[in-house]
Amino acid sequence: MIPMVDLKAQYANLKEEIDRSLQEALDSCAFILGPNVQAFEREAADYLGVKHAIGVASGTDALHLALRAAGIGQGDEVITSPFTFIATAEAIRYVGATPVFVDIDPRSFNLQPATVEAALTERTTAVMPVHLFGQPADLPAIGAICERRGLKMIEDCAQSFGATVDGRQTGSIGLSAGFSFFPSKNLGCYGDGGLVTTNSDALAEHVRVLRNHGSQVRYYHQEIGYNSRLDELQAAILRVKLRHIEEYNGNRRRVAHRYSELLSDLPLDTPFEDGIGRHVYHQYTLLSDRRDAIMQALQAAGIACAVYYPVPLHRQQAFAADCAGVQLPVADDIAGRCLSLPIYPELGESDILKVVSVIADACGR
Ligand SMILES: *Cc1c(COP(=O)(O)O)cnc(C)c1O
């Protein structure tokens, strides 16, 4: 059996470090916003090259609180990708704004600057690029549009921890960003967790207040906030894993490039690196007209695979009211042909060869 991700292999390699870190946190009994959350926020901010990092309860909350602290709300339109996990657009809805889905680039699957530009209206106040599958969106071009039109750029970095654009980390470029530490993400904890990043002192302070019941001083509440703090035990785990993130992302790239080399002669499209930045391969996603046959062959051989995402957001019942008449043919086409293969830092050569040989057979080679 080859899984999509192998969390057990990663834990086995880190067991001593993680167990020690958890035991220390347990011994301290400082379970809410304790020393590990504080230290992790500093360490993550330093790694990401950003002034502030604020730990929150999930990636979804990170996007929600980043939008709220940026002042996005009722009546605002936020342009984003239809080809992403629903949380991107849920966060836009939570603050009362309207998600405006625009079509994606057929090779990188990310937002296209031209379709963003074409969707701008008087009500557009923000753009939320998603660094899908770990590949940075075209932030130089999208950032220039935002700058010119006075729009806020909030990055969805849930899949892109460690990806860079011109040597700058994703999450350090827009006004603010949200990261997820869901266990299978490039930097994952052992439950739910998330992070908001920003270089703005005011926005950071607002997120700190929002995540803790609208309070700066205990039992004095300046607004209605949330209970959305990063858990101390998760922070203890994340501090250990952050020390290994370069190695993990390097290995993901190694696996991806090996797949692409071995699959290059088959009638399918391997992932396109558009050169805008460093792709960290949260997913390795190919396109094929024979997607369903390849899926069946992999499943029969005990190899996991997955369709991320089978239904783009403009076709979800949850967004039906926002999307009457919306036509996004590229997103529809990609959703019908995409297939993600197992990828994780510990995936070895023999398993890579096995995956490739099953796909080659399914393609009749
Ligand atoms: C995982 C994910 C999220 C949400 O993160 P959670 O931690 O699961 O709440 C948001 N956006 C994208 C693109 C994701 O992949």
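Ligands are counted one by one from 1 in listed order, and the atoms in each one are counted from 1 as well. As the structure is a computational prediction, the values presented were derived from the model and not from experiment.
- Under a 4.0 Å heavy-atom criterion, H282 is not in contact with ligand 1.
- Of the protein's heavy atoms, S180 OG, 2.6 Å lies nearest to atom 7 (O) of ligand 1.
- Taking only nitrogen or oxygen atoms, main chain and side chain alike, D192 does not reach within less than 3.5 Å of ligand 1.
- Counting the atoms of ligand 1 from 1 in the order shown, those under 4.0 Å from a heavy atom of A158 are 2 (C), 3 (C), 10 (C), 11 (N), 12 (C), 14 (C), 15 (O).
- In this structure, E155 does not pair ionically with R168, as no charged nitrogen and carboxylate oxygen lie closer than 4.0 Å.
- Heavy atoms of D156 found under 4.0 angstrom from ligand 1 belong exclusively to the side chain.
- Classification of R253 and E273 as a salt-bridged pair holds, one side-chain N sitting under 4.0 Å from a carboxylate O.
- The aromatic rings of Y284 and Y259 are tilted relative to each other, their planes meeting at an angle between 30° and 60°.
- By the 30° and 60° cut-offs, the orientation of the rings of Y219 relative to H221 is perpendicular.
- Within ligand 1, the atoms closer than 4.0 Å to a non-hydrogen atom of A87 are 3 (C), 4 (C), 10 (C), numbered from 1 in the order shown.
- Looking only at protein heavy atoms, the nearest one to atom 1 (C) of ligand 1 is K185 NZ, 1.5 Å.
- By the 3.5 Å distance cut-off applied to N or O atoms, F181 is not counted among the residues near ligand 1.
- The distance between the ring centers of F161 and Y248 does not fall below 6.0 angstrom.
- What sits closest to atom 9 (O) of ligand 1 on the protein, heavy atoms only, is T60 OG1, 2.5 Å.
- Against a heavy-atom cut-off of under 4.0 Å, T84 is close to the following atoms of ligand 1: 13 (C).
- The distance between the ring centers of Y94 and H64 falls below 6.0 angstrom.
- Taking distance alone, with nitrogen or oxygen atoms compared against 3.5 Å, Q159 approaches ligand 1 more closely than that limit.
- Across every non-hydrogen atom of C338 and T285, the tightest pair is CB-CG2, 3.8 Å.
- Which parts of ligand 1 touch G59 is read off a 4.0 Å heavy-atom cut-off, strictly below it: atoms 5 (O), 6 (P), 7 (O), 9 (O).
- No more than 12 heavy atoms of other residues, nucleotides or ligands shown are found within 6.0 angstrom of CG on D265.
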